[in-house]
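What follows is a short report on a single structure.
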Amino acid sequence: MRVFPGPEEAARGCALEIAGRLKEAVRERGRASLAVSGGSTPAMMFAELAGMGVDWSVVDLFWVDERAVGPEDQESNYGMTRRCLIDPAGIPSENVHRMMGEWDAVEAASAYSEELRAYFGGGMPRFDVVACGMGDDGHTASLFPGDGLVEDRRGLCAGVWVEAKKQWRITLLPAVLVNAGWLCVLACGAGKAAAMRRVWREEGPAVDVPARLLRGGEWFVDEAAAAFQL
Ligand code: 6PG
């Protein structure tokens, strides 16, 4: 876990590491794949990442999750990513693999699973980088506390009704998240401290605190979120 003074520093630190990992993958294989999350924290990180010299012509961009809304909706993770990363970085449209939020969520998830199979070939998809966040309630991706999908170890992507948000979502499933070449979690603000404590100081099933699935990742947090350590 890397603790930074504030959210800006944590976002920059996370962006620097993502940029480095993507450049390394491009050096090794000539191409790289990145799956990103939504929410407010990633927006800050994307703005930093856009200007870090990644060759986006050979990076394929996917999503960890999406709200079941159209791309123009203010809730759209794709829309936020387009504003904060895709447009500023000039990521070619053919490299952008968005989840079809405007479709029926279950159908969109099925189509995304097929897209992942086509891109990665057989077996479990392995993104070079998966970038997750964590909600104040300990959710990650669109895997919320109490959702049986948190225990799923075979599926790739699912459409899910999130009662807490009164919203359909499309989300990658745990096996894809933890199969990442490099998995990172960016969590900032005092609102995250309670969930951080439940992830790092309490034992219990991941279904209670889905971000527990990501303990093997590298965490970038600010001092406010890390207050659980005091
Ligand atoms: C989403 C995200 C979600 C997010 C966390 C953190 O679609 O909401 O993918 O998992 O990463 O809720 O969001 P904040 O950064 O806004 O706290």
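One is the number of the first residue; the rest follow in order along the sequence. As the structure lists them, so they are numbered: ligands from 1, and atoms in each ligand from 1.
- At a 3.5 angstrom cut-off on N or O pairs, Thr140 does not count as close to ligand 1.
- Atom 10 (O) of ligand 1 has its nearest heavy-atom neighbour, among Ala141, Ala211, Ser37, in Ala141.
- Linking Ile, Leu, Val, Met, Phe, Trp and Tyr whenever their side-chain heavy atoms come within less than 4.5 Å leaves Met44 and Leu34 in two separate clusters.
- In terms of the side chain to side chain donor-acceptor pair (under 3.5 Å) criterion, Trp219 has no residue partners (sequence neighbours excluded).
- Environment of CD in Gln74: sparse, with no more than 12 heavy atoms of neighbouring residues, nucleotides or ligands closer than 6.0 Å.
- Protein heavy atom closest to atom 17 (O) of ligand 1, with residue, atom name and distance, is Lys192 NZ, 2.5 Å.
- Residue-level proximity to ligand 1 for Met134 is carried by the backbone, the only part with a heavy atom below 4.0 angstrom.
- When heavy-atom distances to ligand 1 are checked against a 4.0 Å cut-off, Thr41 comes that close through both its backbone and its side chain.
- Contacts classified as side chain to side chain donor-acceptor pair (under 3.5 Å) and involving residues 170-181 (residues at least two apart or in different chains) are given here: Arg126-Asn179.
- Counting protein heavy atoms only, atom 2 (C) of ligand 1 is closest to Asp65 OD2, 3.5 Å.
- Atom 16 (O) of ligand 1 has Ser40 N, 2.7 Å as its closest protein atom, hydrogens excluded (heavy atom only).
- Note on ring orientation: taking the six-membered ring where Trp is involved, the planes of Tyr119 and Phe62 are perpendicular (angle over 60°, cut-offs 30° and 60°).
- Looking only at distances, a side-chain donor or acceptor of Asn95 sits under 3.5 Å from a matching main-chain atom of Ser57.
- Any N or O atom pair closer than 3.5 Å counts here, and Asn77 shares at least one such pair with ligand 1.
- Counting the atoms of ligand 1 from 1 in the order shown, those under 4.0 Å from a heavy atom of Pro42 are 15 (O).
- The protein heavy-atom contact nearest to atom 13 (O) of ligand 1 is Gly39 CA, 3.8 Å.
- If you number the atoms of ligand 1 from 1 as listed, the ones under 4.0 Å from a heavy atom of Gly133 come out as 11 (O).
- Listed for the Ser113 side chain is no donor-acceptor partner under 3.5 Å among the backbone atoms of Leu156.
- For ligand 1, the atoms closer than 4.0 angstrom to any heavy atom of Gly135 are 5 (C), 12 (O).
- Tyr78 places no side-chain N or O within 3.5 Å of a backbone atom of Arg67 that could act as its donor or acceptor partner.
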